[in-house]
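After the structure tokens below, expect a handful of questions from me.
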Protein chains: 2
Amino acid sequence: MQLLFEDLKEKLKKKNINLSYQRLKVLEYLTQVRTHPTVDQIFTDLQKDISTLSKTTVYNTLRVLVQAGLVRVITIEDNETRYDIDVRDHGHFKCESCGKIYDFNIDMNSLIVKDLNNFKIDDKNVYFKGICPQCL
Amino acid sequence: MQLLFEDLKEKLKKKNINLSYQRLKVLEYLTQVRTHPTVDQIFTDLQKDISTLSKTTVYNTLRVLVQAGLVRVITIEDNETRYDIDVRDHGHFKCESCGKIYDFNIDMNSLIVKDLNNFKIDDKNVYFKGICPQCL
DNA sequence: TACATTATTGTACTTAGTACAAATTATAAT
DNA sequence: ATTATAATTTGTACTAAGTACAATAATGTA
Ligand SMILES: [Mn+2]
Ligand SMILES: [Mn+2]
Ligand SMILES: [Zn+2]
Ligand SMILES: [Zn+2]
């Protein structure tokens, strides 16, 4: 636990992000809670530990982490922005019954599109919707 | 033009959607303006013709059209929901410089994911981000 | 045409996210 | 360690997307 915290400090330092307790806590939360949480979930849970926490700080911190490439944004539903500590290429499946978001492996390099020959592609996203096994 | 309008009437009737001038106009707009417009763009443009148009009506109409499968929702950026009259399988590329959204062909059936064997998949989405040729 | 049903409109409301200035905390220099 | 400087956090006010709802208008049917 103490060890993890030191690892996260390293992670931020390597990206030239100044250390703060709030930033470490948000990063720790995303490392432990792998459900692609929303800002509100992060805020509500962390507020139990940090009673003075402001939601603006959560927004600010996430923006910083995303810009540094430590966290990615998941946009599946327009009304709920979610955050993912796993920045490696992978797809997302959202169950329309329970709302849970599952990760799946997909080879983004195999998604070669001839229509986009002269386009500079920076980011590839794949997401599916349907019903998960538990809800079926 | 008159012919097109009759076609759209047919399209709605086939889906058991009651006819109204507003619904026809929204459908006509999406048929003609293929830029994946937002609610606000649709509303602002149609208001020039229909001065009494309410934004609520645009929201209601789009919900009806999406439920009927005549229109699909495009969620790339969390703050801008866009609408597409082309409901066939295809991918979207958003230029991060000019904001334009391009269509591209992609074979969704080739996206077979072994991690999702027991999942019921209803909807597959692929979108890329980057810079378009005009902006490069 | 008359009636019943459905759609439109306008307003009020909710919620996600942003702007900004004051207060606090972290970093660097002495 | 103390101080000065810079960066971050916090709280409030604000914006904008979207929804709820009741009154009004339009549409479909007998
Ligand atoms: Mn993920
Ligand atoms: Mn399209
Ligand atoms: Zn489920
Ligand atoms: Zn462009």
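So that the names make sense, note that chain A is the first sequence line, chain B the second, and so on, each numbered from 1.
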| message | Can you give me the closest heavy-atom contact between A:Lys25 and A:Leu46, atom names plus distance? | response |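 Looks like O-CD2, 3.9 Å.
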| task | Compare all side-chain heavy atoms of B:Tyr83 with those of B:Val39 and state whether any distance is below 4.5 angstrom. | result |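 B:Tyr83 reaches B:Val39 side chain to side chain.
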| request: Rounded off to whole Å, could you give me the CD1-to-P distance for the B:Ile74 and D:dA17 pair? | output: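 In whole Å, D:dA17 P lies 19 Å from B:Ile74 CD1.
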Could you go through nucleotides 24-30 of chain D and list every protein N or O atom that sits under 3.5 Å from one of its N or O atoms, giving the distance for each pair?
none

| task | Look at B:Lys120 together with A:Glu96 and state whether they make a salt bridge at an N to O cut-off of under 4.0 Å. | result |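 Answer for the salt bridge query: no.
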| query | Considering the options B:Arg82, B:His92, B:Lys94, which one meets the side chain to side chain donor-acceptor pair (under 3.5 Å) requirement together with B:His36? | reply | B:His92
| task | Return the orientation label for the A:Tyr127 and B:Tyr127 ring planes: parallel under 30°, perpendicular over 60°, tilted otherwise. | result | perpendicular
| query | Which residue, B:Ile17 or B:Asp78, contacts DNA chain C at a nucleotide closer to its 5' end, judged by nearest heavy atom? | reply | B:Ile17
| task | Answer whether the closest heavy-atom distance between the side chains of A:Asp84 and A:His90 falls below 4.5 Å. | result | yes
| task | Please check if the side chain of B:Arg72 supplies one atom and the backbone of B:Gly69 the other of a donor-acceptor pair under 3.5 Å. | result | no
| said: I'd like to know if the side chain of A:Asp115 and the backbone of B:Asn105 have a donor-acceptor N/O pair within less than 3.5 Å. | reply: yes
| query | Going by heavy atoms closer than 4.0 Å, what residues in residues 53-71 of chain A are next to DNA chain D? | reply |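 A:Leu53, A:Ser54, A:Thr56, A:Thr57, A:Asn60, in order of number.
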| request: Under the side chain to side chain donor-acceptor pair (under 3.5 Å) rule, collect the residues that match up with B:Lys15, sequence neighbours excluded. | output: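 Counting only residues at least two positions away or on another chain, B:Lys15 forms no side chain to side chain donor-acceptor pair (under 3.5 Å).
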| query | Is there side-chain contact between B:Ile42 and B:Leu62, with at least one heavy-atom pair below 4.5 Å? | reply |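 Answer yes - side chains close enough.
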| request: Give me the bend of the helix from C:dT1-D:dA30 to C:dT30-D:dA1, using the axes of the five pairs at each end, rounded to 10°. | output: 30°
| With sequence neighbours left out, which residue pairs that include part of residues 99-112 of chain B fulfil the salt bridge (Lys or Arg N to Asp or Glu O under 4.0 Å) condition? | none
| said: Within the 4.0 Å heavy-atom criterion, would you say B:Thr52 contacts the bases, only the backbone, or no part of the nucleic acid? | reply: sugar-phosphate
| Is any NZ, NE, NH1 or NH2 atom of the basic residue among B:Lys13 and B:Glu10 found under 4.0 Å from an Asp or Glu carboxylate oxygen of the other? | no
| query | Any link between B:Ile50 and B:Val64 through a network of hydrophobic side chains (Ile, Leu, Val, Met, Phe, Trp, Tyr) touching at under 4.5 Å? | reply |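 In one cluster: yes.
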| message | Using a 4.0 Å cut-off to any heavy atom of chain B, which nucleotides of DNA chain C are the first and last in contact, reading 5' to 3'? | response |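 Nucleotide range in contact with chain B: C:dT6 to C:dG17.
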